[in-house]
Each structure stands twice: as C-alpha cells, then as structure tokens.
Amino acid sequence: MNPRVVEIAKKLSPEQRAGQCILVGVVPSDSPEYITNLIDTQCLAGIFLLGHWTSRSKLEAMLSAVNHVSPQGIKPIVATDHEGGEIQNIRVPGVDHLPSQEALARMSPAKVQAVVTTGARQLAKLGVHMVFSPVAGVIDPRLGVRNKPIAKHHRGFGTDPHLCGQYSAAVVAGHRKAGIISTTKHFPGIGRITEDTDFKSAGITDDKTTRHDRYLESFRMAFDAGSEAVMIASAYYSKIDPGTLGLFSSKIMTDMLRGDFGYQGLIVSDDLGSSVSVFSVDGGHRASKFVSAGGDLAITADPLLAGPMIRALTSTATSASGKKRLVDAASHVINVKLAHSLTK
C-alpha cells in the first residue's frame with residue numbers, strides 16, 4: 001500500500017471516510033449537477049454507469065462534470081459494466097461493441113487481450129477508470145443455461161476452471177495495458193446457482209462450493225494477473241458460511257480472500273441498492289454489514305441510499321475496531337485512486 005494512504009485517510013472525518021466507501025449508480029436521465037453535488041458534499045468514492053448510454057454528448061457531459069470534482073482533493077472513480085455481449089452499458093459512437101465472454105472464449109487468450117485492450121483504451125479516453133469485468137465464475141456443466149446469472153446470458157468463459165482462469169487473466173491484462181481497473185467477479189462464483197440475485201431471493205444458494213474448491217482456480221489466476229479489485233457475490237454458500245449472503249460474510253472476504261488467497265486489492269460489493277437478494281436488510285445497514293465483514297467499496301444502484309449508508313458506516317466507527325475497519329476500507333479505495341492518479 002502506498003505510504004501516503006494513511007496520511008490522506010487520517011485527514012478525513014469519519015463521515016468522509018464512509019463516503020469514500022460508497023459508489024453510486026448513475027443513469028442517463030440524471031443531471032450532472034445533481035451527481036457532482038452528491039459526490040462533493042458527501043465525499044463519495046465515485047459513480048458507476050447504469051443503463052444503456054447511447055448519447056455520446058450526454059455521456060461526455062456527465063463524465064466531464066464528475067471528473068472535475070474532487071472533494072478533499074480526492075477525485076471520484078468512474079466505473080461501468082463492460083463484460084461484452086448483453087452487458088455493455090456504454091454504447092456510444094467511438095466505443096466498439098465487445099463480444100460476450102462466451103464468444104471471447106472461442107478466440108485465443110492473446111487475441112482476447114488485444115480486443116479488450118482496444119476497447120478499454122476507448123473507455124479510458126472518455127474518462128472511465130474502472131470496469132466490472134471479467135466474470136471469472138465457472139459454470140456448472142450440469143446446469144448449463146439453467147444457470148441464469150451467467151450461462152443464460154453468455155457471460156461466462158465456460159465450465160473448466162483453468163480455461164476460465166486463462167481468459168479472465170487475459171481480460172485483466174488487457175485492462176491493465178489500457179490503465180483500467182479490473183474488477184474480477186463474482187467471488188466465490190455464481191456458476192452453481194440457478195436464479196439471478198438481482199431479481200430473486202430464492203434459488204441463489206450454492207450448495208457445492210467449498211472454501212478450497214477447485215472452481216476457485218479461475219479467481220486465483222485473475223488475481224495473479226493483477227486484478228486490482230474483486231466483486232463479492234450476493235448469493236449464499238452453504239458449505240462456506242451457511243445462512244449468510246456472500247457480501248456479508250467475513251469467512252468469504254476476510255478468511256478466504258485476505259487469508260487463503262492473500263489478496264490485498266480492493267473488495268467491492270455487488271449491488272446493495274436494488275438487488276432483491278439484499279431487500280431483507282435495511283438500506284443503510286447493507287453497507288455497514290458489508291464493510292464490517294471485510295469489504296471496502298459498497299455499490300448502490302440507488303443514489304438516495306448514500307446518505308443512510310454513510311450514517312450507518314459512521315455509527316460503526318464509534319468503537320476502536322469499527323474505526324480501524326472503516327479506516328482500512330477507505331484506505332484500500334484511496335490506494336487504488338493513488339495508483340491511477342485520482343488523488344495526489
């Protein structure tokens with residue numbers, strides 16, 4: 001970790017540290033003034049682009065505004081979903097359509113790296129810093145397209161952990177060559193469930209994956225390739241931490257990622273705003289549960305949850321252990337920003 005991180009984090013108030021742990025969703029109908037005011041007043045980590053952005057002028061206006069604000073001298077991250085195929089939120093002239101991961105897996109890993117690098121450079125030129133990709137999860141061959149979150153939408157690299165790892169590593173390498181932050185997802189994998197956690201609260205339990213499962217090889221290979229961030233799944237893993245969603249599980253984030261894998265990068269949540277899987281938890285406390293369990297950057301599709309999430313996170317910092325965890329989480333965010341010249 002950059003030595004300057006601690007110095008920067010210590011200068012922030014608890015509320016500002018909490019803000020650095022929140023990434024909010026932005027849709028094309030949002031006004032740049034509203035979003036920049038939200039970032040500036042609450043010291044938010046940044047935004048992620050939701051929906052289909054098809055107007056280049058509208059996209060440029062939003063990104064120009066966001067990239068010119070810097071609360072406490074810390075610039076915001078701009079992130080987007082850009083896996084390819086159906087999952088590509090930026091669809092403006094000048095940004096190539098990226099093939100789905102299923103289609104990419106029919107190319108060589110070297111070709112995939114080249115294709116991804118080209119597209120990632122186009123995003124970087126627009127002012128995007130982070131991509132929620134690759135999907136490293138291995139699809140259970142017994143499920144096939146009955147696996148709705150990945151296989152049904154052609155989002156995976158296949159059913160072999162090593163091949164999935166090779167292609168995930170190629171995507172990460174392509175992002176790194178373009179200066180984009182990769183976010184490998186959705187740890188520890190959503191290829192063994194049937195329903196999509198965005199839309200269902202049933203059918204989202206993985207009853208096969210274990211703490212040292214061979215299916216995790218694909219994630220390890222992506223991390224070894226230099227993935228700077230990892231997204232945690234909002235599914236259940238009955239053989240790892242029964243009854244606890246992945247993004248609220250210290251066994252998954254602290255014990256497995258930080259412990260077993262020795263992963264030192266940024267731990268990002270799957271959506272905590274509109275995902276049906278988290279609706280049973282109060283909106284503000286979704287972020288505090290995630291961070292308390294070992295997460296760093298909580299994302300919410302609903303910007304109105306930023307305030308409640310900051311208040312809940314700040315309340316956890318009243319204890320010594322809670323304060324340490326919040327400082328640690330904000331430090332991981334700031335560390336990535338320093339690496340990408342988003343703060344000085």
Side-chain angles (χ1 to χ4, degrees), residues 12-82 87-95 123-132 181 183 198 268-275 278-279 282-288 290-291 296-314 329-330 333-334 336-337 340 342-343:
L12 301 178
S13 69
E15 291 79 12
Q16 290 164 342
R17 289 176 198 140
Q20 282 300 298
C21 295
I22 307 293
L23 199 74
V24 297
V26 175
V27 296
S29 60
D30 285 328
S31 78
E33 293 77 16
Y34 165 68
I35 296 301
T36 54
N37 182 64
L38 198 64
I39 294 168
D40 199 31
T41 58
Q42 303 196 63
C43 199
L44 298 183
I47 66 166
F48 66 103
L49 300 169
L50 283 170
H52 291 162
W53 292 73
T54 56
S55 166
R56 189 175 178 104
S57 61
K58 187 173 284 190
L59 176 64
E60 287 177 339
M62 178 63 76
L63 297 191
S64 176
V66 169
N67 282 316
H68 277 88
V69 67
S70 55
Q72 304 301 310
I74 306 172
K75 293 183 178 180
I77 289 173
V78 174
T80 189
D81 272 309
H82 201 82
I87 317 299
Q88 178 168 330
N89 291 349
I90 296 178
R91 304 185 179 197
V92 301
V95 175
L123 296 179
K125 190 174 180 180
L126 281 169
V128 173
H129 315 112
M130 184 181 204
V131 170
F132 298 149
I181 304 162
T183 310
D198 284 342
V268 182
S269 76
D270 204 343
D271 178 39
L272 293 168
S274 60
S275 176
V278 298
F279 276 4
D282 171 75
H285 287 95
R286 295 169 197 167
S288 59
F290 168 70
V291 171
D296 302 315
L297 184 60
I299 72 172
T300 170
D302 181 2
L304 294 177
L305 283 179
M309 285 181 168
I310 287 170
R311 289 191 290 274
L313 282 167
T314 305
V333 177
I334 294 167
V336 169
K337 290 188 176 188
H340 290 266
L342 293 173
T343 190

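Just so it is clear, the values below take in all heavy atoms, side chains as well, and ignore hydrogens, waters and symmetry mates. Sequential numbering from 1 along the given sequence is applied to the chain's residues. None of the values given here were measured: they were computed from a predicted structure.
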(request) May I ask you to decide if R17's main-chain N or O and Q20's side chain share a donor-acceptor pair within less than 3.5 Å? (result) no

(message) Do L123 and V131 make a side-chain contact, defined as non-hydrogen atoms from C-beta onward lying under 4.5 Å apart?
(response) yes

(message) Working to the nearest 0.5 angstrom, can you tell me the gap between S55 OG and M62 CE?
(response) 11.5 Å

(request) State the NE2-CG distance between H129 and L63, to the nearest 0.5 angstrom. (result) 8.5 Å

(message) Is it the case that the side chain of R311 and the backbone of G284 share a donor-acceptor pair, with hydrogens and angles ignored and the cut-off at 3.5 Å?
(response) no

(message) Please check this pair: side chain of D30 against backbone of V27, looking for a donor-acceptor N/O pair closer than 3.5 Å.
(response) yes

(request) Tell me, please, which residues at least two apart from D270 pass salt bridge (Lys or Arg N to Asp or Glu O under 4.0 Å). (result) none

Could you give the side-chain donor-acceptor pairs of residues 34-48 under 3.5 Å, partners two or more places apart or in another chain?
from	atom 1	to	atom 2	distance (Å)
T36	OG1	P32	O	2.9
T36	OG1	E33	O	3.1
T41	OG1	N37	O	2.8

(message) Determine whether a donor-acceptor pair (N or O, by modelled atom type, separation under 3.5 Å) exists between the side chain of Q88 and the backbone of I90.
(response) yes

(request) For R56, enumerate each residue passing the side-chain contact (heavy atoms from CB on, under 4.5 Å) test, keeping only those at least two apart in sequence or located in another chain. (result) E60, V92, P93, L126

(request) Go through the steps to decide whether M309 and L272 satisfy the test side-chain contact (heavy atoms from CB on, under 4.5 Å), and finish with yes or no. (result) CA-CA 10 Å; M309 285 181 168; L272 293 168; 3.9 Å; yes

(request) Specify the closest pair of heavy atoms between A329 and V291, including all atoms of both residues, with the distance to one decimal. (result) CB-CG1, 4.0 Å

(request) Please confirm whether the backbone N or O of T80 pairs with a side-chain atom of N89, one donor and one acceptor, at under 3.5 Å? (result) no

(request) State which residues pass side-chain contact (heavy atoms from CB on, under 4.5 Å) with S274; sequence neighbours excluded, sorted by chain then number. (result) D271, A301

(message) Working to the nearest 0.5 angstrom, can you tell me the gap between C21 SG and L297 CG?
(response) 7.0 Å

(message) Could you measure the distance from the CG atom of L50 to the CG atom of D81? Nearest 0.5 Å is fine.
(response) 8.0 Å

(request) Verify, without hydrogens or angle tests, whether T300 (side chain) and L305 (backbone) share a donor-acceptor contact under 3.5 angstrom. (result) no

(request) Considering non-hydrogen atoms only, spot the tightest contact between L313 and S288 and give its length. (result) CD2-CA, 3.7 Å

(request) Determine whether M130 and V336 make a side-chain contact, defined as any pair of heavy atoms from C-beta on separated by less than 4.5 Å. (result) no

(request) Go through the structure and list residues passing side-chain hydrogen bond (donor to acceptor under 3.5 Å, both in side chains) with S29, not counting sequence neighbours. (result) none

(message) I need the full list of side chain to side chain donor-acceptor pair (under 3.5 Å) pairs touching residues 43-53, with sequence neighbours left out, sorted by first then second residue.
(response) H52-R91

(message) To the closest 0.5 Å, what do you measure between OG1 (T314) and CD (Q16)?
(response) 10.0 Å

(message) Between H285 and F290, is there a side-chain heavy-atom distance shorter than 4.5 Å?
(response) no

(request) List the atom of A306, the atom of V24, and the distance in Å for their closest heavy-atom pair. (result) CB-CG1, 4.0 Å

(message) Is there a side-chain contact between L12 and I334 in this structure, where contact means two heavy atoms from C-beta onward sitting under 4.5 Å apart?
(response) yes

(request) Give a yes or no answer on whether the side chain of K75 reaches the backbone of V69 with a donor-acceptor pair at less than 3.5 Å. (result) no

(request) Taking the side chain as every heavy atom from C-beta outward, state whether H82 and V95 have any atom pair closer than 4.5 Å. (result) yes

(message) Could you measure the distance from the NZ atom of K337 to the CD1 atom of I77? Nearest 0.5 Å is fine.
(response) 5.0 Å

(message) Are the side chains of P303 and V26 in contact, using a 4.5 Å heavy-atom criterion?
(response) no

(request) Report the C-alpha distance between D296 and V268 in whole Å, list the side-chain angles of each, state the deciding distance to 0.1 Å, and finish with yes or no for side-chain contact (heavy atoms from CB on, under 4.5 Å). (result) CA-CA 6 Å; D296 302 315; V268 182; over 6 Å; no

